[in-house]
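Only one structure is covered here, and it is reproduced in the block below.
Letters A, B, ... mirror the listed sequences (proteins, then strands); counts begin at 1. Please read these numbers as outputs of a predicted model, since none were measured by experiment.
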Amino acid sequence: MQKLIISSSPHLRDKTTTRSIMQDVCIALLPSVIAGILFFGYRTALIVVVAVAAAVLSELLYCKATHQKNTTGDFSAVVTGMLLAMNLPASAPLWMPVVGSIIAIVLVKMIFGGIGQNFVNPALLARAMLALSWATIMTKFPAPAFGKLAGVDAVASATPLADGSYSIGQLFLGNIPGVIGETCKLALLLGAAYLLWKQVISWHIPAAFIGVFAVCYLIGTGFDVGFTVKQILSGGLILGAFFMATDYSTSPTTDLGKLIFGAGCGLLLFIFRFARGSQSEWCSFAILLMNVVSPLIERVTMPKSFGEVSKHE
Amino acid sequence: MKDLVRIFKNGLLDENPTFRMVLGTCPTLAITTAASNGIGMGLAATFVLVFSNLVISLLRKMIPDEIRIPAFIVVIATFVTIVQLVIKAYLPALDESLGLFIPLIVVNCIIFARAESFAFKNPPLPSIADGLGMGLGFTWAITFISSVREIFGAGTWFGMQVMPESYVPMGILVRPAGGFIVFGLAIVLMNAVMPKKA
């Protein structure tokens, strides 16, 4: 005889957990880490390890100090540490990822209530604070030297944003000065493709972000396609669009909201770059500003529940 | 006498205007970039607070209720003008770094709050004690905040180099954003060190 099982919803379950999603993001970031090591030497790995260790440790200590459940098992601190390391130049002194991780985890994430409660992207705010505090270190990029693993000399070279002499191929492969994770677009796109395939992120935010940015730039430059492509491949746009702007807790949940969010990021970045020149941090600021607006977007794009009628007669 | 001491102490800790009542946040955020600014601003406000409390308390039976706010402003502005002229004459460097924020003591809400809620209802002596306690409470609070910001944001304290040469100052702390961050963290610290009485 068959038993009748009565249970409350949900009836469909999925194996996806916060932990599995965060691990996917880590896997997606690995190509960029490897590319960073190839271009900027072993020091890249050191910075990634220090940033991740500091992030996990500060979350652990915060949980202990405030007598909360230890949440480091969900891997989100590892992701934050990795993303922060992606945003540092390989020549940064080692205390920098430590300070950055503490800012990201304690000041932005844990104080506001831990995972899912951060009001802006932790790694991005940490980068913004580091950039505003130590601008000389943050903008002193090492010159890339493919395969020279022992390390490269730090030179205060301008980013490709300011110096237009790099070819599209160089920009795409990452043979340019810049922060660790912003240089090799090929590796970033590989990781992004993995995230899209695993459905960790949806296409809406990156597509709207890059699309609006490209359209604005085409109009702004009188349809100079080559220059627009260079602008897309320069600075933090690819990293930001796929890995930063898609953070769950600081971007809208509905598809329409995501499109508005991405479009806003693209428009802001265009305005910043077009009007104020060539800092590679502009992408961070564009996303941070939209992070703060995303609750409002959420409110406007809230779907109506079935049967709901408009309050206005 | 015991009462006076209790009123005086009230402003220092239990009802600290900066950390507990979160009043006067505009100077707290704006001028706390150097410890000398903090102590200068605090003492200037203390002077105004003590004397405006005294005068308002003496005049409390003569000021009609309906026009008490304009009357407070006249009294407070008088003492702010005195402070401003004295600082201009004897401490031109402080005058330069505090700038507009000295005349703005006129509309500092700590001074208004004490005039309205204390001096207007109490005799002169307790009013002086209250003004002194609140003023010194404000002084130590903003000196504390500005010390943190100056030491970590510039590596100096009262202009002296205190951090080792190798320390790279965290520039954001002496920028406006750093004011909010340090102020917030200082309130957290105070709430942890001296829990609120129920």
Practice task
Taking atom CZ of B/F180 as the centre, report whether more than 12 heavy atoms of other residues, nucleotides or ligands fall under 6.0 Å from it.
Solution key: no

Problem - Heavy atoms of other groups near B/F183 CZ, more than 12 under 6.0 Å - result: yes

Problem - Working for side-chain contact (heavy atoms from CB on, under 4.5 Å), residues A/I111 and B/L185 - result: CA-CA 10 Å; A/I111 278 186; B/L185 292 179; 4.2 Å; yes

Fill in the blank from the handout: For A/W95 and B/V168, the nearest pair of non-hydrogen atoms, with its separation, is CZ2-CG2, 3.9 Å

Fill in the blank from the handout: Per-residue tally against chain A (heavy atom, under 4.5 Å) across B/P169, B/G178, B/A177, B/G153 peaks at B/P169

Handout entry: Minimum heavy-atom distance A/L132-B/R175, with the two atoms named
Key = O-NE, 3.8 Å

Practice task
Mark yes when over 12 heavy atoms from residues, nucleotides or ligands other than B/W157 sit less than 6.0 Å from its CH2; otherwise mark no.
Solution key: no

